[in-house]
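Take a look at the structure below.
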Number of protein chains: 2
Amino acid sequence: MSQRTRLTPEQRREQLLDLGIRLFAHHSLDEMSIDLVAREAGISRGLLYHYFGDKTAFREAVVRRAAEALVAQTEPPATGEPVERLLHSMAAYVDFVDANYEGYVSMVRGAASDPVLREIYDDAFGALGGRIFEAAPDFVPDTPAARLVVRGWLAMSEELVLSWKKDPAGLSREDLLGLLAGSLPMLLDSLET
Amino acid sequence: MSQRTRLTPEQRREQLLDLGIRLFAHHSLDEMSIDLVAREAGISRGLLYHYFGDKTAFREAVVRRAAEALVAQTEPPATGEPVERLLHSMAAYVDFVDANYEGYVSMVRGAASDPVLREIYDDAFGALGGRIFEAAPDFVPDTPAARLVVRGWLAMSEELVLSWKKDPAGLSREDLLGLLAGSLPMLLDSLET
DNA sequence: CCAGTCTATTGACAGACGTTCAATAGGCAA
DNA sequence: TTGCCTATTGAACGTCTGTCAATAGACTGG
């Protein structure tokens, strides 16, 4: 049972992080105990501590990797109309959640409990929101109030996509995208009055 | 140290639930261990198990009580214009979060992790959303799509209020309320097109 | 082919927390 | 005061996190 396999630190780290991401699909963060991960990876508990320090650090590394994947995959195209680029980015977001539903839910749920995970999650969404201001500096004034509204809009978008995934409520993917992309300008407009 | 005080089951239950609510203000759900609650209440761990079965059941009881308080305090007035009543209810919500900020955050964060807590939280927000349809049956058609939008709007409202509480971003309480109450009709309108 | 060295990896151990249950003691009735 | 009912306790067990000295793969120079 204890057939030792010796890998380079890089390989081992990769293996464990990949495993963590995969376990996200079927286990919540709380269920992802050191015991489970070690057993699943075929290594001793001690090795996980050797590489990541403690349980929360391992979680952080896994969540950070998932968050980076989200940000990377929702990168809007470099050219095009602002509205068009926003629509593209939102479509990528919807597809990301659609493809990684269970894992995404685990990330969101887990991020809520731990402050450090929360920060990683916030940074990721901050990056998503920040693009809005970079992409359309003429239309969207970069004020604290606008930042606040974008934050709220992102929270709504997440809730809508997750709820839509569970029950589409008669809305097509395009309906949903139109709703998401259309609501942001409306919200920002209502701020000016 | 172990001066036993014998209470009636009702008194003891009340005491422990009240304590749980109070501990919410300074401890996350994870930090609220059986040990901590028992120590704080001046009782043995066993007694908590006697009354609530296990840790999750105690959490559920505390969160349920907090959720009930939220629903009760945001009850809209029975009479008045629909928009007026919505505004009243939202004002009560903002004030509730404002007054119980730490506890509210603990509830939201905790609800994310545990499925049962999630359900309690969802039911509470379902009740909040349900009022929208009861209050204005003429304006708001009760369709699955509209329910979905209200859900998203509630998520945005929560995020906006919590973020606003941390940093008002130059918005007054009235600005915020206007933004919240104004955005719902806009969102529902954009659904019809 | 063979030491010798480096370090990836392990297993045993301590502490914290959740949970169970038989024993204990507070208060009411007779 | 006596005796019963039951609210309450504390010890005991299992699981999980975290620590650390001991172990064993794999590469090096001879």
Side-chain angles (χ1 to χ4, degrees), chain A residues 1-20 23-24 26-64 106 109-111 113-117, chain B residues 1-20 23-24 26-64 106 109-111 113-117:
Chain A
M1 186 57 88
S2 48
Q3 190 62 296
R4 262 188 206 200
T5 59
R6 187 191 176 107
L7 302 181
T8 68
E10 288 74 28
Q11 286 176 321
R12 190 59 87 186
R13 262 192 86 89
E14 282 303 302
Q15 178 210 357
L16 295 176
L17 286 177
D18 282 351
L19 176 62
L23 287 179
F24 253 180
H26 297 288
H27 301 273
S28 75
L29 263 187
D30 298 314
E31 292 167 354
M32 213 156 84
S33 65
I34 297 287
D35 253 329
L36 175 69
V37 177
R39 205 179 321 122
E40 210 73 20
I43 60 168
S44 67
R45 288 195 298 280
L47 199 56
L48 257 170
Y49 285 96
H50 176 71
Y51 278 107
F52 295 98
D54 63 5
K55 191 191 173 191
T56 68
F58 177 66
R59 290 174 161 187
E60 285 168 33
V62 174
V63 169
R64 181 166 285 120
S106 291
R109 303 278 189 265
S113 49
D114 188 323
V116 181
L117 298 187
Chain B
M1 184 58 90
S2 48
Q3 190 61 295
R4 258 186 211 204
T5 59
R6 188 190 176 106
L7 301 180
T8 68
E10 288 73 28
Q11 286 175 322
R12 189 60 86 186
R13 262 191 86 90
E14 282 303 303
Q15 178 211 358
L16 294 176
L17 285 177
D18 282 350
L19 176 61
L23 287 179
F24 252 0
H26 298 289
H27 301 273
S28 76
L29 263 187
D30 298 313
E31 293 167 352
M32 214 156 85
S33 65
I34 297 288
D35 253 330
L36 175 69
V37 177
R39 206 180 321 123
E40 210 72 21
I43 60 170
S44 67
R45 287 196 299 279
L47 199 56
L48 256 170
Y49 283 95
H50 176 71
Y51 279 107
F52 295 96
D54 62 6
K55 191 191 172 190
T56 67
F58 177 67
R59 289 176 163 186
E60 285 168 31
V62 174
V63 169
R64 182 167 284 121
S106 291
R109 302 279 188 267
S113 48
D114 189 322
V116 181
L117 298 186

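Every chain is numbered from 1 and lettered A, B, ... according to where its sequence line falls, protein lines coming before strand lines.
- Annotation: salt bridge (Lys or Arg N to Asp or Glu O under 4.0 Å) contacts of A:Glu14 (sequence neighbours excluded): A:Arg65.
- Among the protein residues, B:Phe52 comes within range of no part of the nucleic acid, since none of its heavy atoms lies under 4.0 Å from any strand.
- In this structure, the CG atom of B:Leu48 is 12 Å from the C1' atom of C:dT19, given to the nearest Å.
- To the nearest angstrom, P of C:dA8 lies 13 Å from CG of A:Leu16.
- Taking CD from A:Glu31 and NE2 from A:His26, the interatomic distance works out to 11.5 Å, rounded to the nearest 0.5 Å.
- Applying the side chain to side chain contact (heavy atoms under 4.5 Å, CB included) rule to B:Arg12 yields the partners B:Thr5, B:Leu7, B:Gln15, B:Leu16, B:Ile43, B:Leu47, B:Tyr51; only residues at least two apart in sequence or on another chain are considered.
- One can place CG of B:Leu7 at 17 Å from P of D:dT6, the figure rounded to the nearest angstrom.
- Counting to the nearest Å, the P atom of C:dA8 and the CD atom of A:Gln15 are 15 Å from each other.
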What does the B/S/- profile of nucleotides 22-30 of chain C look like, 5' to 3', with a 4.0 Å heavy-atom cutoff to protein?
--BSB----

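- Remark: B:Asp35 engages B:Arg45 in a salt bridge (Lys or Arg N to Asp or Glu O under 4.0 Å) (not counting sequence neighbours).
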Let me have a per-nucleotide readout for nucleotides 12-21 of chain D, 5' to 3', with B, S or -, counting only protein heavy atoms under 4.0 Å.
B---SBBB--

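- In this entry the distance linking CZ of A:Arg12 with P of D:dG25 reads 13 Å, nearest Å.
- With sequence neighbours left out, B:Phe52 forms a ring-ring contact (aromatic ring centres under 6.0 Å, His included) with B:Phe58.
- With rounding to the nearest 0.5 angstrom, the CZ atom of A:Arg6 is 10.5 Å from the OG1 atom of A:Thr8.
- B:Leu47 has its CG atom 16 Å from the C1' atom of C:dG18, to the nearest Å.
- Look at NE2 on A:His50: it is 20 Å from P on C:dA12, rounded to the nearest Å.
- For B:Thr56, the side-chain hydrogen bond (donor to acceptor under 3.5 Å, both in side chains) partners at least two apart in sequence or on another chain are B:Asp54.
- Partners of B:Arg109 by side-chain hydrogen bond (donor to acceptor under 3.5 Å, both in side chains), not counting sequence neighbours: none found.
- Listed by chain and residue number, B:Arg59 satisfy the salt bridge (Lys or Arg N to Asp or Glu O under 4.0 Å) test with B:Asp30 (two or more places apart in sequence, or in another chain).
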